[in-house]
Number of protein chains: 2
Amino acid sequence: MSENKIGSYIFAVNYLVVFSKACEYGIKATTYIASQSLEERRVSLKSIAEEIDSPVAFTAKILQTLARNKIIDSSKGPTGGFLIEKKKMDEIKLSQIVSAIDGDNIYKGCGLGLSECNASRPCPVHHHFAKIRNDLRKMLENTSINELASGLEVGLTYLKR
Amino acid sequence: MSENKIGSYIFAVNYLVVFSKACEYGIKATTYIASQSLEERRVSLKSIAEEIDSPVAFTAKILQTLARNKIIDSSKGPTGGFLIEKKKMDEIKLSQIVSAIDGDNIYKGCGLGLSECNASRPCPVHHHFAKIRNDLRKMLENTSINELASGLEVGLTYLKR
DNA sequence: CAAATAAAGGACAATTTTGTCCGAAATAAC
DNA sequence: GTTATTTCGGACAAAATTGTCCTTTATTTG
Ligand code: FES
Ligand code: FES
């Protein structure tokens, strides 16, 4: 992380963030749970946090949100843990995870923070921006958890470094 | 802004943020200053903040940073204010503003927060993500302030609403 | 039924980002 | 030189996000 000064204060940089931390953890957790569900294994909070390299308690909050949104299935008690039904894996898209965690009305925002992105009254970067944002939206809507989990299972992708 | 619950707390959502607020204000301010500089007018902090609809004191910090980075020119005293030399406008790209405010090593980050984005050890979304991030980088590197300022001057684009 | 286990949930703490306030320094006009 | 104006810079405050701790609730096993 580079440090840069703005006025008197220093603030550490968060890259060209697209997802919040909560979302990052949510996507990674869901992917990991799915990959284990492919093998009929329920996974515990602890093992998830370890596998995706995330703070345990914070991850718990996110999993609760995902469970309330029926994206993942949770059960308490011994042998409990998290699971995703195989038949649902193809239906669950990245966009749903993002919506569950960061709320709806996502892709709508103006790149320069205008209260509304509107092509008939565009901000200076609208034309440049809209295409990229649209590509991102499409990508999120077209990418299924099944796809991500498969890549992980086969050892093609990784969840930590 | 939608409200969404994560666990016990409620947090307001910041869209699929790409720029920080500081960056947004920086881009808008620079664009406005440039559009006025095309007409040989220096502009004051106050008028900038008003025109781009941003908090005055916070905007001041950002303008200071941009001035230190020689992206804009500032002068004190009566008749003082901010200015961009016409001959520099073609050279100043969005990427420079972003770097000045949010620091360097921007476009490098992994979409899922891995410590490093690495194609030979990719995260599950790397393949989907890299293209979008690259498009964004190119866009920022190719868009000049002159271009943005011209659109604004002609009344094709807007800075608030 | 008791004990052990694991998620749910509430309260709270740390950090980061955003935003404010106010005096200092520079400069132009008188 | 004094005054008015405008940016600079430091300290501080608020808000949002990220992260922790601890108690409760559900469930399995013996
Ligand atoms: S109006 Fe700014 S991105 Fe569309
Ligand atoms: S490794 Fe995650 S985006 Fe490249």
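Since the structure is predicted, the reported quantities are computational estimates derived from the model, not experimental observations.
- Ionic pairing of A/Glu24 and A/Lys21 is present here: one or more N-O contacts between side-chain nitrogen and carboxylate oxygen are shorter than 4.0 angstrom.
- A chain of hydrophobic side-chain contacts below 4.5 Å, direct or via other Ile, Leu, Val, Met, Phe, Trp or Tyr residues, connects A/Ile52 to A/Ile145.
- Nearest nucleotide to the B/Ser44 side chain, out of D/dG19, D/dT7, D/dG10: D/dT7.
- Nucleotide D/dA26 holds its C1' atom 13 Å from the CZ atom of A/Arg42, rounded to whole Å.
- Residues B/Phe58 and B/Ile71 are members of one and the same hydrophobic cluster, defined by side-chain heavy-atom contacts under 4.5 angstrom among Ile, Leu, Val, Met, Phe, Trp and Tyr.
- Distance B/Arg41 CZ to D/dT6 P: 16 Å, rounded to the nearest Å.
- Computed from coordinates, the A/Lys46 NZ to C/dA6 P distance equals 8 Å when rounded to whole Å.
- Rounded to an integer number of Å, the gap from CG of A/Asn69 to P of C/dA8 is 13 Å.
- No side-chain heavy atom of B/Pro122 sits under 4.5 Å from any side-chain heavy atom of B/Asn118.
- In this structure, of D/dT27, D/dG19, C/dA25, it is D/dG19 that holds the atom nearest to the side chain of A/Phe58.
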**Item:** Residue pair B/Phe19, B/Asp102: steps toward the side chain to side chain contact (heavy atoms under 4.5 Å, CB included) verdict
**Value:** CA-CA 9 Å; B/Phe19 301 122; B/Asp102 275 354; 5.7 Å; no
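- Counting to the nearest Å, the C1' atom of C/dT17 and the NZ atom of A/Lys21 are 15 Å from each other.
- Residue A/Leu45 contributes atom CG, which lies 5 Å from atom P of C/dA7 at whole-angstrom precision.
- Applying the 4.0 Å criterion to OP1 and OP2 of C/dA8, one finds that A/Ser74 has a side-chain N or O inside that range.
- A/Gln64 has its CD atom 14 Å from the C1' atom of D/dG19, to the nearest Å.
- Contact between the side-chain N/O atoms of B/Tyr25 and the OP1/OP2 oxygens of C/dG19 is found at a separation under 4.0 Å.
- Taking atom CG of residue B/Asp53 and atom C1' of nucleotide C/dT18, one finds them 15 Å apart after rounding to whole Å.
- For C/dA8, the OP1/OP2 oxygens have no side-chain nitrogen or oxygen of A/Arg68 closer than 4.0 Å.
- The listed nucleotides are D/dT6, C/dA11, D/dA26; the one nearest the side chain of B/Lys76 is D/dT6.
- Under a 4.0 Å N-O distance rule, the pair A/Glu116/B/Arg161 qualifies as a salt bridge.
- Note on the helix from C/dC1-D/dG30 to C/dC30-D/dG1: terminal axis deviation equals 0°, with five pairs used at each end and the result rounded to 10°.
- Residues B/Ile27 and A/Leu112 meet the side-chain proximity criterion, which asks for heavy atoms closer than 4.5 Å.
- Residues of residues 77-85 of chain B that place a heavy atom closer than 4.0 Å to DNA chain C, in numerical order, are B/Gly77, B/Pro78, B/Thr79.
- Ion pairing between B/Arg137 and B/Glu141 holds under the 4.0 Å rule for side-chain N and carboxylate O.
- Environment of NZ in A/Lys46: sparse, with no more than 12 heavy atoms of neighbouring residues, nucleotides or ligands closer than 6.0 Å.
- With D/dC8, C/dA8, D/dG19 as the candidates, the nucleotide lying closest to the side chain of B/Ala67 is D/dC8.
- Rounding to the nearest 0.5 Å places OG1 of A/Thr30 at 6.0 Å from CD1 of A/Ile72.
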